[in-house]
Amino acid sequence: MTLMATFEAGDQATITTGTATRTALPQVSRPRELSTSDARRLTRVYFERLRSLEEGTRAYRYVRNTLIEMNISLVRFAARRFRERPGGPENEDILQVGTIGLIKAIDRYDPARNTQFTTLALPYITGEIKRHFRDATWAVRVPRRLQEMRSRLAKATEELTAELDHEPAPAELAAHLGLTEEEVRDGLVAANGYSTQSLDAPREPAAAGSAQAPPRGSSARTLADTVGDLDPALEAVEDRHALAPLLAGLDERCTRILELRFGREMTQAQIGAEIGLSQMHVSRLLNRTLGALREELLHA
């Protein structure tokens with residue numbers, strides 16, 4: 001028996017369970033299209049019938065499935081709270097996990113308590129959606145306590161920004177939440193793991209005419225284009241800065257030998273011919289000078 005094709009609202013359904021036949025159950029051809037008031041009224045009737053049916057029977061499945069269809073609008077209503085999340089309230093993943101919450105609420109609802117079904121259903125639906133975001137949507141897995149702290153920090157940041165008229169510092173967040181500043185910093189760092197951005201994603205376009213705007217006709221720069229890398233030449237800056245005063249203290253001959261060897265890349269024999277010394281003498285002077293410079297650098 002299908003949920004959508006055979007009945008009109010107000011008709012009476014006959015459901016057979018074993019040898020017993022029950023009547024007077026309103027049949028619904030399009031449960032998802034019911035008005036809120038009709039869905040609320042029929043939900044009560046269907047729950048009363050569900051209590052009298054044996055679980056696992058065809059009649060039980062029909063009534064239970066119809067309850068799900070009639071109340072699926074509650075899932076969409078609860079999903080609106082998460083419209084700022086990726087995919088918005090129409091995200092199929094959100095609707096699916098919200099439906100799981102709806103089914104759990106249907107299985108646990110007791111009409112004898114005389115409470116509205118929505119009072120139980122909405123917390124179940126919202127809880128499943130929140131659990132989905134907590135467990136399945138983080139780009140980087142972090143401990144649950146830090147996942148939960150992200151929500152607390154976001155709420156506290158919003159409250160303090162309105163109160164202080166500026167974005168709160170970690171110390172202010174810590175005082176507001178009763179946490180240590182270190183715990184707040186851990187939470188802020190962990191929050192960065194919630195979402196990621198591709199290095200190949202284009203950057204937001206800069207205003208026309210600004211220094212950051214790409215030349216006309218060229219493609220937008222990606223994030224990878226703006227990520228710096230280590231410059232090998234920078235590693236030698238500190239050494240050169242420390243070496244400069246030591247070189248200034250050398251005598252003229254040693255300075256000349258170093259200039260010819262490392263500046264003009266001459267061989268020891270060529271240096272000897274240039275300054276009138278033997279290759280062996282140049283080698284001893286070069287080794288002694290380099291050794292002295294190295295020793296002074298290490299103890300500087």
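The number of heavy-atom neighbours closer than 6.0 Å to CZ of F47, taken from other residues, nucleotides and ligands shown, is above 12. With a 6.0 Å radius and a threshold of 12 heavy atoms from other residues, nucleotides or ligands, D110 has its CG atom above the threshold. By the neighbour-count criterion of 12 heavy atoms within 6.0 Å, atom CD of E274 is densely surrounded, having more than that number from other residues, nucleotides or ligands. The 12-atom threshold is exceeded at NE2 of H166, counting heavy atoms of other residues, nucleotides or ligands nearer than 6.0 Å.
With T289 contributing its side chain and L286 its backbone, the two residues share no donor-acceptor pair below 3.5 Å. Side chain of R61 to main chain of G56: a donor-acceptor pair is present (N/O by atom type, distance under 3.5 Å, no hydrogens or angles). In this structure, R44 contributes its side chain and F117 its backbone to no donor-acceptor pair below 3.5 Å. The backbone N or O of Q279 lies less than 3.5 Å from no partner atom in the side chain of S283, so there is not a single donor-acceptor pair. Proximity of a side-chain donor or acceptor of D251 to a complementary backbone N or O of C254 within less than 3.5 Å is detected.
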Determine, stepwise, if the pair L285 / R288 fulfils side chain to side chain contact (heavy atoms under 4.5 Å, CB included).
CA-CA 5 Å; L285 288 173; R288 185 174 63 190; 2.9 Å; yes
Give the C-alpha distance, both sets of side-chain angles, the deciding distance and a yes or no for salt bridge (charged side-chain N to carboxylate O under 4.0 Å, His left out) between E128 and R131.
CA-CA 5 Å; E128 286 295 324; R131 189 175 297 110; 2.8 Å; yes
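Using a 4.5 Å cut-off on side-chain heavy atoms (C-beta onward), F77 and I125 make no contact. Between R51 and P111 the shortest side-chain heavy-atom distance falls below 4.5 Å. Contact annotation: the side chain of R253 approaches that of L277 to within less than 4.5 Å [non-hydrogen atoms, C-beta and beyond]. Looking at L293 and L243, their side chains come closer than 4.5 Å, going by heavy atoms from C-beta outward. The side-chain heavy atoms of H132 and Q96, taken from C-beta on, include no pair separated by under 4.5 Å. Contact check for R145 versus E183: no side-chain heavy atoms found under the 4.5 Å cut-off. Between V184 and L153, some side-chain heavy-atom pair lies under the 4.5 Å cut-off. The closest side-chain heavy-atom distance from I72 to L95 is not below 4.5 Å.
Residue P170 comes nearest to L188 through the heavy atom pair CG-CD1, 4.3 Å, listed as atom of the first residue, atom of the second, then distance. Heavy-atom minimum distance, R108 versus Y124: CD-OH, 2.8 Å. Minimum interatomic distance between Y46 and V63 (heavy atoms only, all atoms of both residues): O-CG1, 3.4 Å. The two atoms that bring L247 and T255 nearest to each other are O-OG1, 4.2 Å, heavy atoms only. For the pair E69 and P31, the tightest heavy-atom approach, listed with the atom from each and the gap, is CB-CB, 3.4 Å. Here the closest heavy-atom approach between residue A105 and residue A121 is recorded as CB-CA, 3.6 Å.
For the side-chain contact (heavy atoms from CB on, under 4.5 Å) with K104, the lone residue among I100, I106, D107 that qualifies is I100. The side-chain contact (heavy atoms from CB on, under 4.5 Å) test with V75 singles out one residue from I94, L102, T126, and that residue is L102.
The hydrophobic clustering, which links ILVMFWY residues whose side-chain heavy atoms are closer than 4.5 Å, places I275 and M280 apart. Both F262 and L246 belong to a single network of hydrophobic side chains, linked directly or stepwise wherever heavy atoms of I, L, V, M, F, W or Y lie under 4.5 Å apart. No continuous path of ILVMFWY side-chain contacts below 4.5 Å connects L179 to V189, so the two sit in separate hydrophobic clusters.
Note that CG of L74 and CG of L120 are 11.0 Å apart. Values are rounded to the nearest 0.5 Å. A distance of 12.0 Å separates NE2 in H281 from CD in Q268, rounded to the nearest 0.5 Å. Taking CZ from R294 and CG from L298, the interatomic distance works out to 8.0 Å, rounded to the nearest 0.5 Å. Taken to the nearest 0.5 Å, the CG atom of L160 stands 7.0 Å off from the CD atom of E172. From L177, atom CG reaches atom CE of M149 across 8.0 Å, with rounding to the nearest 0.5 Å. We find the CD1-CG distance between I103 and N65 to be 8.5 Å, quoted to the nearest 0.5 Å.
Salt-bridge annotation for R256 and E252: absent, with no side-chain N of the basic residue lying under 4.0 Å from a carboxylate O of the acidic one.
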